[in-house]
J.: 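For reference, the structure I am asking about is given below.
Keep in mind that what you see is a predicted model, and the values were worked out from it rather than measured. Quick note on labels: first sequence line is chain A, next is B, and so on, each numbered from 1.
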There are 2 protein chains.
Amino acid sequence: MPTVVQNGSTTSKLSTAQRIERALIEEISAGELSPGQRLDETRLAERFGASRTPVREALSRLTAQGVLVPGEKRGVFIAEYTREELAQIFEAMHEIEAACARIASQRLNLLARSEIEAAQAECVRAAEAGDRNAYLRANEAFHETIYRATGNPYMAEMATEFRRRTGPFRAKKFRDTEDLIESAKSHQALIDDIFSEDSGTASSGMRAHMTESFMQALKAY
Amino acid sequence: MPTVVQNGSTTSKLSTAQRIERALIEEISAGELSPGQRLDETRLAERFGASRTPVREALSRLTAQGVLVPGEKRGVFIAEYTREELAQIFEAMHEIEAACARIASQRLNLLARSEIEAAQAECVRAAEAGDRNAYLRANEAFHETIYRATGNPYMAEMATEFRRRTGPFRAKKFRDTEDLIESAKSHQALIDDIFSEDSGTASSGMRAHMTESFMQALKAY
DNA sequence: GCCCACTATTTTGTATACAATAATAAAAGT
DNA sequence: ACTTTTATTATTGTATACAAAATAGTGGGC
């Protein structure tokens, strides 16, 4: 089991509030809840068989992370962005991802290499099987291995946070099996760039990958 | 009044939970609460004349932002880092700040320039007056103007978050008036680099500034 | 005198209750 | 028929209550 930073993701016992938070993150990332949608405390409470208190705690934390946004007067909503805002978020993500790729390329070791390869193998498998949900998960896992390869949990955390925010938008772009396979191919090019251990190549490789990703996300907008 | 993104920092009415959150951020940034210190819900509640509910909400949000960390079994603590962790955080911050400086240098306009100049003037004033607390605030404001100059609120938000995390550590390094003046001078060099409108110069200028800042923070560790 | 077990107290996490405010529906006036 | 005002409902923010868990304290056994 890989090292875990400061949340208890290895601990087996989760509080109700944490369970709800995780579940919501999962659903939002998978695009099951759409941007702009309102989240009602009371309904969530009964849906999760809990009281409003832990629900509020989860919503509050997700709001602090930018996944949710508070409404003008009341209620919280799944963050929804204009094209311009989306471009700004992707620009920020672009910078983070590029920095991660650069640092990772400088610190590659055997473990990191094999983890990245393994994650990519899983992406290919899911893509060829045409399993969209599996690919979404595998894709996240793939990027996570790169974050981990930086050896810097804080860079990783930041990158992950942006991934969560953009999850619903990136999810939309995968429409058919062809999209999945194309994405997996793009991964392979990225891996080559990172494994070159040249920081410039790694960084610009990731920038290319992110630009591509953004262009596709914009199309569905 | 400058434009505000998605939180209600212009709205006059704050909920109790928000007031508490702000107050705690303020105290932590100023170094009034030290890393490793435990925050007791009940005491905070009576200190702020409120119930535990809004206190918990504030603590929960601060935890989500990484300013606080949950204890092993119970309680939340002001985030405390080993030298290595601190180095990792500063590395991440280093990347963000450099990216901000680069983007800002490419998008400078008259407004941004004058805001940066004005913020720096205030830093100089506070430094020469030897007013440590005023300098701390002015210093944060100065960096915020650079973030704003990127035109990207999400980059700004990310950078601000790291500033909060490292607040207690950076605060310690300002011991006497001499330190303040030196810091203000360092700002001036940074401004020149950013105003050169050459992205490489701006970026490496910020990297130099951050490295310097980190070295001083380490000394007090 | 020291260590272990058991009890008591503190502290947290969740549930429920209540008051204030915004959204919605209804009714009256033009 | 349409707008404006009033009343009702729904939803939020905060407070209080309660149960579970963890720490501290106490006593007994060796």
Side-chain angles (χ1 to χ4, degrees), chain A residues 6-25 27-28 33-80, chain B residues 4 6-25 28 33-80:
Chain A
Q6 52 193 7
N7 59 15
S9 68
T10 49
T11 62
S12 41
K13 295 256 179 187
L14 287 177
S15 73
T16 310
Q18 286 173 313
R19 273 196 317 107
I20 296 174
E21 185 184 349
R22 299 285 174 90
L24 287 176
I25 286 178
E27 294 181 17
I28 294 170
L33 298 170
S34 330
Q37 189 173 333
R38 175 170 176 183
L39 293 183
D40 183 63
E41 294 180 3
T42 313
R43 289 182 205 200
L44 287 176
E46 57 190 42
R47 223 192 88 196
F48 286 106
S51 81
R52 275 177 51 223
T53 310
V55 171
R56 274 181 70 79
E57 189 151 335
L59 294 183
S60 177
R61 294 174 60 95
L62 290 173
T63 303
Q65 290 174 47
V67 177
L68 305 178
V69 292
E72 294 285 306
K73 292 289 177 184
R74 134 173 139 190
V76 297
F77 300 79
I78 313 259
E80 185 180 37
Chain B
V4 170
Q6 51 192 10
N7 60 13
S9 70
T10 49
T11 62
S12 41
K13 295 256 180 189
L14 286 178
S15 73
T16 311
Q18 285 173 314
R19 273 196 319 105
I20 296 174
E21 186 184 348
R22 300 287 175 88
L24 287 177
I25 286 178
I28 295 171
L33 299 170
S34 329
Q37 189 172 334
R38 177 171 176 183
L39 294 182
D40 183 62
E41 295 180 1
T42 312
R43 284 175 210 210
L44 287 176
E46 58 191 41
R47 223 191 88 197
F48 286 106
S51 82
R52 276 178 50 225
T53 310
V55 171
R56 274 182 68 79
E57 190 151 335
L59 295 183
S60 177
R61 293 174 62 95
L62 290 174
T63 304
Q65 291 174 47
V67 177
L68 305 178
V69 293
E72 295 284 307
K73 293 289 177 182
R74 131 175 142 192
V76 296
F77 300 79
I78 312 260
E80 185 180 37

J.: Could I get the full list of side chain to side chain contact (heavy atoms under 4.5 Å, CB included) partners for Ser34(A), not counting sequence neighbours?
T.: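 Checked Ser34(A) against side chain to side chain contact (heavy atoms under 4.5 Å, CB included); matches are Gln37(A).
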J.: Taking only residues two or more places apart in sequence, or in another chain, which ones meet Arg74(A) in a salt bridge (Lys or Arg N to Asp or Glu O under 4.0 Å)?
T.: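 Partners of Arg74(A) by the salt bridge (Lys or Arg N to Asp or Glu O under 4.0 Å) criterion come out as none, since no residue qualifies.
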J.: Heavy atoms within less than 4.0 Å of DNA chain C: which residues of residues 33-42 of chain B have one? Give them sorted by number.
T.: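 Going residue by residue through residues 33-42 of chain B, the ones with a heavy atom under 4.0 Å of DNA chain C turn out to be Arg38(B), Asp40(B), Glu41(B).
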J.: Which residues pass the side chain to side chain contact (heavy atoms under 4.5 Å, CB included) test with Arg19(A), sequence neighbours left out?
T.: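 Leu14(A), Thr16(A).
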J.: Can you give me the closest heavy-atom contact between Ala64(B) and Ala64(A), atom names plus distance?
T.: CB-CB, 4.0 Å
J.: For Arg61(B), which residues count as a salt bridge (Lys or Arg N to Asp or Glu O under 4.0 Å) partner, sequence neighbours excluded?
T.: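 In terms of salt bridge (Lys or Arg N to Asp or Glu O under 4.0 Å), with neighbours along the sequence ignored, Arg61(B) is linked to Glu21(B).
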J.: What residues, two or more places apart in sequence or in another chain, satisfy side chain to side chain contact (heavy atoms under 4.5 Å, CB included) together with Pro35(A)?
T.: Glu80(A), Pro168(A), Phe169(A)
J.: Can you check the Leu44(A) CG to dA15(C) P distance for me, whole Å?
T.: 14 Å
J.: Ala17(A) or Arg43(B): which one's nearest nucleotide on DNA chain C is closer to the 5' end?
T.: Arg43(B)
J.: Gln18(A) has an atom CD; how far is it from atom P of dT12(C), in whole Å?
T.: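 Atom-to-atom, Gln18(A) to dT12(C), this comes out as 15 Å.
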J.: Which of residues 51-63 of chain B sit near DNA chain D, with a heavy atom under 4.0 Å from it?
T.: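 Residues of residues 51-63 of chain B under 4.0 Å from DNA chain D: Ser51(B), Arg52(B), Thr53(B), Pro54(B).
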J.: Could you measure the distance from the CG atom of Asp40(B) to the CD atom of Glu46(B)? Nearest 0.5 Å is fine.
T.: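 It is 8.5 Å, given to the nearest 0.5 Å.
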J.: Roughly, in whole Å, what's the span from CZ in Phe77(A) to C1' in dT12(D)?
T.: 13 Å
J.: If the condition is salt bridge (Lys or Arg N to Asp or Glu O under 4.0 Å), which residues does Arg38(B) pass it with, not counting sequence neighbours?
T.: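 Listed in chain order: nothing, the list is empty.
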J.: Who pairs with Thr53(B) by side chain to side chain contact (heavy atoms under 4.5 Å, CB included), at least two apart in sequence or on another chain?
T.: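 If we apply the side chain to side chain contact (heavy atoms under 4.5 Å, CB included) test to Thr53(B), skipping adjacent residues, the hits are Ser51(B).
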J.: Listed by chain and number, what are the side chain to side chain donor-acceptor pair (under 3.5 Å) partners of Glu27(A), not counting sequence neighbours?
T.: Arg47(A)
J.: Would you say Gln18(A)'s side chain and Ser15(A)'s backbone share a donor-acceptor pair under 3.5 angstrom?
T.: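 A pair under 3.5 Å: yes.
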J.: Given dA21(D), dT14(C), dT21(C), which nucleotide is nearest the side-chain atoms of Arg74(B)?
T.: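 Taking heavy atoms from C-beta onward, the closest nucleotide is dA21(D).
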J.: Figure out the CD/C1' separation between Glu46(A) and dA15(C), and round it to whole Å.
T.: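 One finds 15 Å between C1' of dA15(C) and CD of Glu46(A), rounded.
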J.: For the helix from dG1(C)-dC30(D) to dT30(C)-dA1(D), what is the angle between the axes at its two ends, each from 5 pairs, rounded to 10°?
T.: 0°
